[in-house]
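I have placed the structure first, in the form of structure tokens, so that the comments after it can refer back to it.
Per chain, numbering begins at 1; letters A, B, ... match sequence-line order. Worth saying up front: this structure is predicted, and the values here are computed from it rather than measured.
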Protein chains: 2
Amino acid sequence: MIGRLNHVAIAVPDLEAAAAQYRDTLGAKVNAPQHEPDHGVTVVFIELPNTKVELLYPLGDNSPIAGFLEKNPSGGIHHICYEVDDILAARDQLQASGARVLGTGEPKIGAHGKPVLFLHPKDFTGTLVELEQV
Amino acid sequence: MIGRLNHVAIAVPDLEAAAAQYRDTLGAKVNAPQHEPDHGVTVVFIELPNTKVELLYPLGDNSPIAGFLEKNPSGGIHHICYEVDDILAARDQLQASGARVLGTGEPKIGAHGKPVLFLHPKDFTGTLVELEQV
């Protein structure tokens, strides 16, 4: 069911410093920040040859990563995103296995303009898993 | 300097349950457990089309992931591994930038039989980063 690892998302307390570190110290290809008000984050995409790293920084008053950064003031890996072909079929199969889907259970349009769902971390090795239909 | 994302490592409290979840619920290609006594872990490799996920479970009395699982009893993402061409050049460049390398600073032979180093999480967005020479 799952395909490629679409991205690893890392929440950071200082977006400029983190982007500079990946660009200047690690020599990675780092894109300009993108503000995603619908998702409450500003995102910097880091392009690796086989996948992406996304640096996340809170945007607005109700950012979904504000609480994470309170608990992890140095930052940390927030979630991983796997690609699926059919997100509704994936959801139904996961729910049938007992896995919980966060929110209403209906896919939302994610930061890449594609339908996404998040799975409950307690059901997946303590890891917040995003599924994105590609 | 960094190349591909070699793997995402997830520490888990129940290796069999986590492997079954990736295999049966997510439909991923999951390999048999490998005991790595030199590294204090048993590893299950999950092969995705573009990278790997590694499930880690403590092996022996001094496992480097035992403390992590005490703090994160449901499991969680333990580290991410980036590939580099020349690990000594990478180390020297990182240290010149002020990044700390864990341990003696000399590369060790990692679970894949290749030289690896770990960077201090406080210097990299709260994220434990492994560099592997490929």
**Report entry** Heavy-atom pair count under 4.5 Å with chain B, highest-scoring of A/G75, A/A99, A/G98
**Finding:** A/G75
Query raised in the report: Under 4.5 Å between side-chain heavy atoms, hopping through other hydrophobics if needed: is there a path connecting A/I2 to A/V129?
Result: yes
Report summary line: Checked A/L119, A/T127, A/T125 vs chain B; the most non-hydrogen pairs under 4.5 Å come from A/T125
Query - Check: A/Q21 side chain, B/D123 main-chain N or O, donor-acceptor pair, under 3.5 Å - result: yes
Query raised in the report: chain A heavy atoms under 4.5 Å from B/L26: which part of the residue, side chain, backbone, both or neither?
Result: both
Query raised in the report: Can you say whether B/Y22 sits under 4.5 Å from chain A via the side chain, the backbone, both, or neither, judging by heavy atoms?
Result: side chain
Query raised in the report: For chain B, which residues from residues 58-70 of chain A have at least one heavy atom closer than 4.5 Å to it?
Result: none
**Report entry** Cluster check A/I87, A/V101: I/L/V/M/F/W/Y, side chain < 4.5 angstrom
**Finding:** yes
**Report entry** Engaged part of A/I10 at the chain B interface, taking heavy atoms whose separation is under 4.5 Å
**Finding:** side chain
Query raised in the report: Considering residues, nucleotides and ligands other than A/D14, do more than 12 of their heavy atoms fall under 6.0 Å from its CG?
Result: yes
Report task. Go through A/A18, A/S97, A/A28, A/G3 and name the one with the most non-hydrogen pairs under 4.5 angstrom from chain B. Result -> A/G3
Query raised in the report: Between B/P121, B/G76, B/P73, which shows the greatest number of heavy-atom pairs under 4.5 Å with chain A?
Result: B/G76
Report task. With a 4.5 angstrom heavy-atom cut-off, could you sort out which part of A/Y82 is near chain B: side chain, backbone, both or neither? Result -> side chain
Query raised in the report: Applying a criterion of heavy atom separation less than 4.5 Å, what residues of residues 30-54 of chain B form contacts with chain A?
Result: B/L48, B/P49, B/N50, B/T51, B/V53
Query raised in the report: With only heavy atoms counted, which part of A/T25 is less than 4.5 Å from chain B, the side chain, the backbone, both or neither?
Result: both
Query raised in the report: In terms of hydrophobic clusters joined by side-chain contacts under 4.5 Å, are A/L131 and A/I80 together?
Result: yes
Report task. Check whether B/L5 and B/L56 end up in the same hydrophobic cluster, where Ile, Leu, Val, Met, Phe, Trp and Tyr are linked by side-chain heavy atoms less than 4.5 Å apart. Result -> no
Query raised in the report: Do other residues, nucleotides or ligands put more than 12 heavy atoms under 6.0 Å from A/D85 CG?
Result: no
Query raised in the report: Does one hydrophobic cluster hold both B/V84 and B/L88, with members joined at side-chain heavy-atom distances below 4.5 Å?
Result: yes
Query raised in the report: If you tally heavy-atom pairs under 4.5 Å against chain B, which of A/V8, A/L94, A/D24, A/I77 wins?
Result: A/I77
